[in-house]
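What follows is a short report on a single structure.
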Amino acid sequence: MPELAEVAFYSKKWAPGLGDRVVEVVCRDRARIYRTADPAQIRRGLKGKRLTGIETKGKQMRFVFGEASLGLHLGMTGKLLVKKGDHEPGKHDHLVIRQERRSLVFRDARMFGALKFEASTEPAWWTSLPPEVVSRSFTLKAVADYLRRRKGSPLKAVLLQQERFPGVGNWMADEILWRCKFHPARKAGTLDEEEGEMFWRETKQLCRDALKIIGDKYGRPPTSWLFRHRWRRGGKCPRDGAILMRATIGGRTTAWCPECQGK
DNA sequence: GGAGTTGTTTAGGA
DNA sequence: TTCCTAAACAACTC
């Protein structure tokens with residue numbers, strides 16, 4: 001589920017806990033989400049601290065507890081919830097941060113999600129993340145250079161690279177290519193200058209649009225987006241009504257319109 | 001019961 | 001070295 005805008009939405013779920021102190025931390029130690037962090041360290045490091053900040057960068061989230069940082073990635077099925085203070089962890093509740101008046105819960109069935117912890121407000125794993133697509137530092141030059149570097153890759157695969165397009169996931173990549181009318185299997189190196197600029201512009205615009213619609217209230221994109229038609233076999237292109245195609249491109253299920261994007 | 005799933009890492013080939 | 005692909009991870013839904 002979680003791409004850029006969904007991550008922004010979920011990060012706010014724990015906002016009611018801002019300013020309050022952590023009473024107790026419950027970790028399901030053997031869960032796979034702890035492959036990148038030590039649960040004992042998280043328990044020790046968060047207890048007694050106040051939640052003082054919530055930030056996101058692409059698909060990454062960071063929760064600041066005083067002088068410590070808890071990094072969180074939702075993977076494919078991760079969710080953040082707020083439950084009552086004495087919430088008994090359910091089957092997939094692998095981390096429960098208890099405060100006096102509520103529990104902050106990280107739930108993840110498939111456990112592709114991951115945690116990070118560091119007793120610092122500026123851990124390298126946070127500060128070294130690439131610039132956000134919606135920021136000024138996401139420049140045309142950076143994108144053009146990247147298209148050149150990955151010239152042999154399908155555009156779909158390029159858009160999924162978090163080192164350059166942080167937050168873009170499967171559906172957003174399809175939506176961007178559909179807006180540009182580029183075939184998802186087209187090689188990155190074949191875009192001319194004008195096409196490269198459109199690719200850059202539409203990537204930024206889609207991220208902005210998605211954040212606006214989904215980031216705050218988890219709204220549903222309009223039917224004029226590919227999003228509303230791409231999941232179902234037999235779905236039609238909202239632009240010209242052609243039956244959408246589906247295939248694995250760049251390792252992921254990809255939907256596109258054979259009429260306006262070709263083949 | 002089998003196929004498919006909105007993510008990332010890693011191993012190995014080119 | 002650098003780039004590219006496929007598989008693995010795990011549990012749920014259709």
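Model, not experiment: these values are computed from the prediction. Letters go in sequence order (proteins before strands), and every chain restarts at 1.
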Exercise. Do we count A:Phe112 as stacking onto C:dC9 if the rule is ring centres under 5.5 Å and planes under 30°?
Worked result: yes

For this session: Determine which pairs satisfy side chain to side chain donor-acceptor pair (under 3.5 Å) with at least one residue from residues 113-123 of chain A, sequence neighbours left out, and list them in order.
Result: A:Glu118-A:Trp125

Problem set entry | Distance, nearest 0.5 Å, that separates CD of A:Glu132 from NZ of A:Lys204 | 13.5 Å

Problem set entry | N/O (side chain, A:Thr253) to phosphate O (OP1/OP2, B:dG4) under 4.0 Å | no

Problem set entry | Result of checking A:Ile54, A:Leu74, A:Leu72 against A:Ser11 for side-chain contact (heavy atoms from CB on, under 4.5 Å) | A:Ile54

Exercise. Is any side-chain N or O of A:His73 closer than 4.0 Å to OP1 or OP2 of B:dG7?
Worked result: no

For this session: Specify the separation, in whole Å, of atom CZ of A:Arg35 and atom P of B:dT8.
Result: 11 Å

Seminar exercise, completed: Given Watson-Crick and G-U pairs under 3.5 Å, DNA chain C in dot-bracket ([ ] crossing, | other strand) is .||||||||.||||

Exercise. Sequence neighbours excluded, which residues qualify as side chain to side chain contact (heavy atoms under 4.5 Å, CB included) partners of A:Pro166?
Worked result: A:Pro130, A:Val133

Exercise. For A:Arg252 and C:dA7, what is the distance between atoms CZ and C1' respectively, to the nearest whole Å?
Worked result: 14 Å

Exercise. In chain order, what residues pass the ring-ring contact (aromatic ring centres under 6.0 Å, His included) check against A:Phe182, with sequence neighbours excluded?
Worked result: none

Protein-nucleic acid N or O pairs under 3.5 Å, nucleotides 1-4 of chain C:
unit_1 : atom_1 : unit_2   : atom_2 : d
C:dC3  : OP2    : A:Arg149 : NH1    : 2.8
C:dC4  : OP1    : A:Gly152 : N      : 2.8
C:dC4  : OP1    : A:Ser153 : N      : 3.1
C:dC4  : OP2    : A:Arg150 : NE     : 2.4
C:dC4  : OP2    : A:Ser153 : OG     : 2.8
C:dC4  : O5'    : A:Ser153 : OG     : 3.2

Can you check nucleotides 12-14 of chain C for protein contacts, nitrogen or oxygen pairs under 3.5 Å, and list what you find?
unit_1 : atom_1 : unit_2  : atom_2 : d
C:dC12 : OP1    : A:Lys91 : NZ     : 3.1
C:dC12 : OP1    : A:His92 : NE2    : 2.8

Exercise. Taking CD from A:Glu163 and P from B:dG7, how many angstroms apart are they, rounded to a whole number?
Worked result: 16 Å

Seminar exercise, completed: So salt bridge (charged side-chain N to carboxylate O under 4.0 Å, His left out) across residues 38-54 of chain A, not counting sequence neighbours, yields A:Asp29-A:Arg43

For this session: Show your working on side chain to side chain donor-acceptor pair (under 3.5 Å) between A:Glu6 and A:Trp171 and close with a plain yes or no.
Result: CA-CA 12 Å; A:Glu6 290 101 336; A:Trp171 78 255; 3.1 Å; yes

For this session: Any salt bridge (charged side-chain N to carboxylate O under 4.0 Å, His left out) involving residues 168-184 of chain A? Give me the pairs, sequence neighbours left out, ordered by first then second residue.
Result: A:Lys156-A:Asp174, A:Asp174-A:Arg230, A:Arg179-A:Asp209

Problem set entry | Selected nucleotide, minimal atom distance to A:Met111 side chain, candidates B:dT5, B:dG7, C:dA11 | C:dA11

For this session: Figure out the CD1/P separation between A:Ile33 and B:dG7, and round it to whole Å.
Result: 18 Å

Exercise. Between B:dT9 atom P and A:Leu160 atom CG, what is the distance in whole Å?
Worked result: 13 Å

Problem set entry | B:dG7 phosphate, OP1 or OP2, under 4.0 Å from A:Gln162 side-chain N/O | no

For this session: Name all residues meeting the side chain to side chain contact (heavy atoms under 4.5 Å, CB included) criterion together with A:Val23; count only those two or more places apart in sequence or in a different chain, and write none if there are none.
Result: A:Glu100

Exercise. Cluster partners of A:Met245, using ILVMFWY side-chain heavy atoms under 4.5 angstrom, listed by chain and number?
Worked result: A:Ile249, A:Trp256

Problem set entry | Results of side chain to side chain contact (heavy atoms under 4.5 Å, CB included) for A:Arg98 - residues two or more places apart only | A:Glu24, A:Val26, A:His87, A:Pro89, A:Val96, A:Ser103

Problem set entry | Nearest-Å distance for atom pair CZ/P, residues A:Arg32 and C:dA11 | 10 Å

Exercise. With a non-hydrogen cut-off below 4.0 angstrom, is A:Arg232 in contact with a base, only sugar-phosphate, or nothing?
Worked result: nothing

For this session: With sequence neighbours left out, write down each residue that passes side chain to side chain contact (heavy atoms under 4.5 Å, CB included) with A:Arg149, or none if nothing qualifies.
Result: A:Tyr146, A:Glu163

Seminar exercise, completed: To the nearest angstrom, the CZ-C1' distance between A:Phe165 and B:dG7 comes to 17 Å

Exercise. Could you give the CD-to-C1' distance, from A:Gln161 to B:dT8, as a whole number of Å?
Worked result: 10 Å

